[in-house]
Amino acid sequence: GAALVARNIANLIESQFADKPRGWQPLVYCWRGGNRSGSLATILTRIGWRCHLLEGGYKAYRSRVLADLEQRPKQFQFIVLAGRTGSGKSALLRALHGRGEQVLDLEALADHRGSVLGALVERPQPSQRLFESRLWHALGQLNPDRPVWVESESRRIGGCHQPESLIQSIRGARCVVIEAKLGHRAHLLLDEYRHFVDDADLLGPRLERLIPLHGHQQIKDWQALAGAGQWRELVESLLTGHYDPAYDRSMRTNFSHLGRAPRVHLGGTGAGAIEQAASELIECARAIDPASGRGDIRDAEG
């Protein structure tokens, strides 16, 4: 065993580590235990790198992540940013973060926009384990004494599943609803999903996933609109025919405080409207009774 480890370490140093800079700080771990990783860490340290060793190996790390994901979500006061598809929730989360608010951006952690068309073109989603590690790290950066803004998401964000403790904590939390005109929502979505406009061939196969819900003819009609470049008509039809009914059903079923949630109206699609709505959201959060979820209705247009 010692001979095997020594040969492997020599190969790693020559093939993987020889060009690493002086300030490189590797994390070394085994599946469990630590004899092999300890040997490698000792040699890397002697070379001059600041080496970190994961005690107990990856198995102990995974156990810690899963245990923390079961308990940590219960510590936080979430505020759910609700609103139909295209109402600017992701942009508002970014604006809130820019104002110093605590934000848990689940779609960013999952590298997915959370819908049947939401896969990112530029990169694949993380594995479930990597998503859980990202989530564990993100929760660890948050202060339980301050509210945390989060978007209303389903259990599954693309191929990533939210931990049960987190989904239950979010669904039982206070809500603020974003309202926006259909035309504004279509504009925001066309900007966010510009890759489909640039390459309509990407859209067809993804729309076909909706055949069990809407039938072949409706999908052909939507594909025809895309083929004709009638993007505004396509987006508005998708919103009214698919996304809005599905979202409304899910929200009524799963978010207990939705019916008495305050509302903020998004008055436009530009940066100014987003910032104004973010200001109103912060005011709404202060007005809500934490115990009941009640609050006053606000309007971002004044």
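Residue indices begin at 1 and follow the sequence shown.
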Which ILVMFWY residues can you reach from Ile167 by hopping between side chains whose heavy atoms are under 4.5 Å apart?
none
Carboxylate-amine/guanidinium contact Arg194 Asp198, below 4.0 Å:
no
Tell me if the CZ atom of Arg50 is crowded by more than 12 foreign heavy atoms within 6.0 Å.
no
Within this structure, what is the OG-CZ distance for the pair Ser133 and Arg62, rounded to the nearest 0.5 Å?
6.5 Å
Centroid-to-centroid, His242 to Trp222, below 6.0 Å?
no
For atom NE2 of His97, decide whether the heavy atoms of other residues, nucleotides or ligands shown that lie under 6.0 angstrom number more than 12.
no
Verify the neighbour count for atom CZ of Phe255: are there more than 12 heavy atoms of other residues, nucleotides or ligands below 6.0 Å?
yes
Over-ring placement of Arg185 relative to Tyr243, 6.0 Å and 45° cut-offs
no
Nearest heavy-atom contact between Gly159 and Gln125 is N-OE1, 2.7 Å
Could you tell me which non-hydrogen atom of Leu207 sits nearest to which non-hydrogen atom of Ile219, and how far apart they are?
O-CD1, 3.5 Å
Ser37 versus Leu53, closest heavy-atom pair with distance
OG-CD1, 3.5 Å
Salt bridge (Lys or Arg N to Asp or Glu O under 4.0 Å) with Glu164: which of Lys74, Arg155, Arg171?
Arg155
Answer yes or no: are there more than 12 heavy-atom neighbours, outside Arg113 itself, under 6.0 Å from its atom CZ?
yes
Does a sphere of radius 6.0 Å around NZ in Lys220 hold more than 12 heavy atoms from other residues, nucleotides or ligands, not counting ones at 6.0 Å or beyond?
no
Donor on one side chain, acceptor on other, Glu280 and Gln276, under 3.5 Å:
no
Inspect the contact between Arg84 and Glu179 and indicate whether a charged nitrogen and a carboxylate oxygen are less than 4.0 angstrom apart.
no
Could you point out which residue of Trp149, Phe76, Phe78 forms a side chain to side chain contact (heavy atoms under 4.5 Å, CB included) with Leu104?
Phe78
Go through the steps to decide whether Trp136 and Arg72 satisfy the test side chain to side chain contact (heavy atoms under 4.5 Å, CB included), and finish with yes or no.
CA-CA 9 Å; Trp136 176 76; Arg72 277 186 185 174; 3.5 Å; yes
Around Arg156, counting heavy atoms of other residues, nucleotides and ligands shown, do more than 12 lie under 6.0 Å from its CZ?
no
